[in-house]
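Please read these numbers as outputs of a predicted model, since none were measured by experiment.
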Amino acid sequence: MRVISGIKPTGNLHLGNYLGAVKQWVAMQDEIQAQGGETMYFIADLHGLTEFIAPAELRANTIEMTATLVAAGIDPERSILFNQTRVPAHSELAWLLNNVARVGWLNRMTQFKDKAGKNREGASVGLYDYPVLMAADVLLYNGTHVPVGEDQKQHLELARDIATKFNLDYGVELFTQPEPLISKAAPRIMSLRDASAKMSKSNPSEQSVVKLVDPDEVIAEKFRKAKTDPEALPDSWEALEGRPEAKNLVTIFAALADRTPESVVAEFAGQGFGQFKPALADLAVAKLGPIRDEMLRLLNDRGAIDAILARGAEKARDLAAPVLAEAQKAMGLLA
């Protein structure tokens, strides 16, 4: 069992990024390896190019993302951690797979339509074609499982279609059909000021988003000032329907504490947010503070981050080389 997942390098990661992805990766590292499997995590810097980004910003974001993953618990000695650019086979296999993938398949990709919006003619070819690179990211290592959210299922289906067509076209059994790994524990974290919108660093209100670099006092203040309603917490999770702000805060508490939302509601039933929000603030500071401190320590040693990425890329290249070579042979590019 080999689990592969990538994450685009964006700066200023926030609580939603951590609880929705990074924390899940850390848990997966332990669970998969306990089963004798292997985990590979990569910084998808090539995917970061689909829309223009200043080179210095992309590089800084790659370093920051790596530091965040390590600080949160991804162990470079246990998981293979690298960035795509250091493994050229990602780009090479993507080009080979471009000649197997069909235009009609890509035309059905809903995320291109969403991201390009009305400016499809002005969008980059990379934004249109990146699902093929995503397929290469997985097929290159014969990954057996890929963690996916609802918005990524279509991309995994594309990877499966490409693998099937390649194997049939060239009469080989080279590529494994990757299976989705769906974590039911991954919560959807909403804005602290408007629970109808996801938590996002693009929100103009600083009070709406808890950033991983926020000092303890800022984290605590944002939770104390989070929007709520005047009612006390009920004695059941179901009773929070129709109370989005309350439900969001309970969801955050449960995710940070590794508990079920039901158990959190049961503990605080009948209490108002005057009692609940300080408890949530203390919990958030206790959980996020050490990650922030370790991340900042790592960011002060860029050489150490580069060394981690270099070691991970060396391991990844060793795994990728024979698969790429077999693909090239199958297509008649190598003897």
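Shown here for Ile63 and Arg302, the closest heavy-atom pair between the two residues is CG2-CD, 3.4 Å. Considering all non-hydrogen atoms of both residues, Ile7 and Leu69 come closest at CG2-CD1, 4.5 Å. Of all heavy-atom pairs spanning Phe223 and Lys277, the tightest one is O-CD, 3.2 Å. For Leu240 against Ala246, the heavy-atom pair with the smallest separation is CD2-CB, 3.8 Å. Nearest heavy atom pair, residue Leu46 against residue Gln84, reads N-OE1, 2.9 Å.
Residues Leu81 and Leu58 fall into different hydrophobic clusters, defined by Ile, Leu, Val, Met, Phe, Trp and Tyr side chains chained together at heavy-atom separations under 4.5 Å. Cluster annotation: Ile162 is connected to Leu333 through the hydrophobic network of ILVMFWY side chains, with a link wherever side-chain heavy atoms come within less than 4.5 Å.
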Please list every donor-acceptor pair under 3.5 Å in which a side-chain atom of residues 312-326 meets a protein atom from a residue at least two apart or in another chain.
unit_1, atom_1, unit_2, atom_2, d
Arg317, NH1, Arg86, O, 2.7

Identify all side-chain donor-acceptor contacts of residues 248-259 below 3.5 Å with residues at least two apart in sequence or on another chain.
unit_1, atom_1, unit_2, atom_2, d
Asn248, OD1, Met190, N, 3.0
Asn248, ND2, Met190, O, 3.0
Thr251, OG1, Lys247, O, 2.8
Asp258, OD1, Lys23, NZ, 2.4
Arg259, NE, Ser263, OG, 3.2
Arg259, NH1, Glu267, OE1, 2.7
Arg259, NH2, Ser263, O, 3.1
Arg259, NH2, Glu267, OE1, 2.9

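Counting only heavy atoms from C-beta outward, the side chains of Phe82 and Met40 approach each other to under 4.5 Å. Between Val264 and Phe276 there is a side-chain heavy-atom pair separated by less than 4.5 Å. Contact of the Lys153 side chain with the Leu156 side chain is not registered, since no non-hydrogen atoms from C-beta on lie closer than 4.5 Å. Using a 4.5 Å heavy-atom cutoff, the side chains of Met199 and Val209 are in contact.
Between Arg160 and Glu179, at least one side-chain N (NZ, or NE/NH1/NH2) sits under 4.0 Å from a carboxylate O, which counts as a salt bridge. Of the charged side-chain nitrogens involved, at least one lies within less than 4.0 Å of a carboxylate oxygen, so that Arg297 and Glu294 count as a salt-bridged pair. The existence of a salt bridge linking Asp194 and Lys227 is excluded, since no basic side-chain nitrogen approaches an acidic carboxylate oxygen closer than 4.0 Å. Remark: Arg108 does not engage Asp161 in a salt bridge, criterion side-chain N to carboxylate O under 4.0 Å.
Once rounded to the nearest 0.5 Å, the distance linking NZ of Lys198 with OG of Ser208 reads 13.5 Å.
Thr164 and Gln177 share a side-chain donor-acceptor pair at under 3.5 Å. For Tyr130 and Asp137, the side-chain atoms include no donor-acceptor pair closer than 3.5 Å. Looking at Gln154 and Thr110, their side chains do bring a donor and an acceptor atom within 3.5 Å of each other.
Between Tyr170 and Phe166, the angle of the ring planes lies from 30° to 60°, which puts this pair in the tilted group.
Between His47 and Phe42, a ring centre-to-centre spacing not shorter than 6.0 Å is recorded.
Residue pairs meeting the side-chain hydrogen bond (donor to acceptor under 3.5 Å, both in side chains) criterion with at least one member in residues 35-45, sequence neighbours excluded: Arg2-Glu38, Gln33-Thr39, Thr39-Ser79, Asp45-Asn83, Asp45-Thr85.
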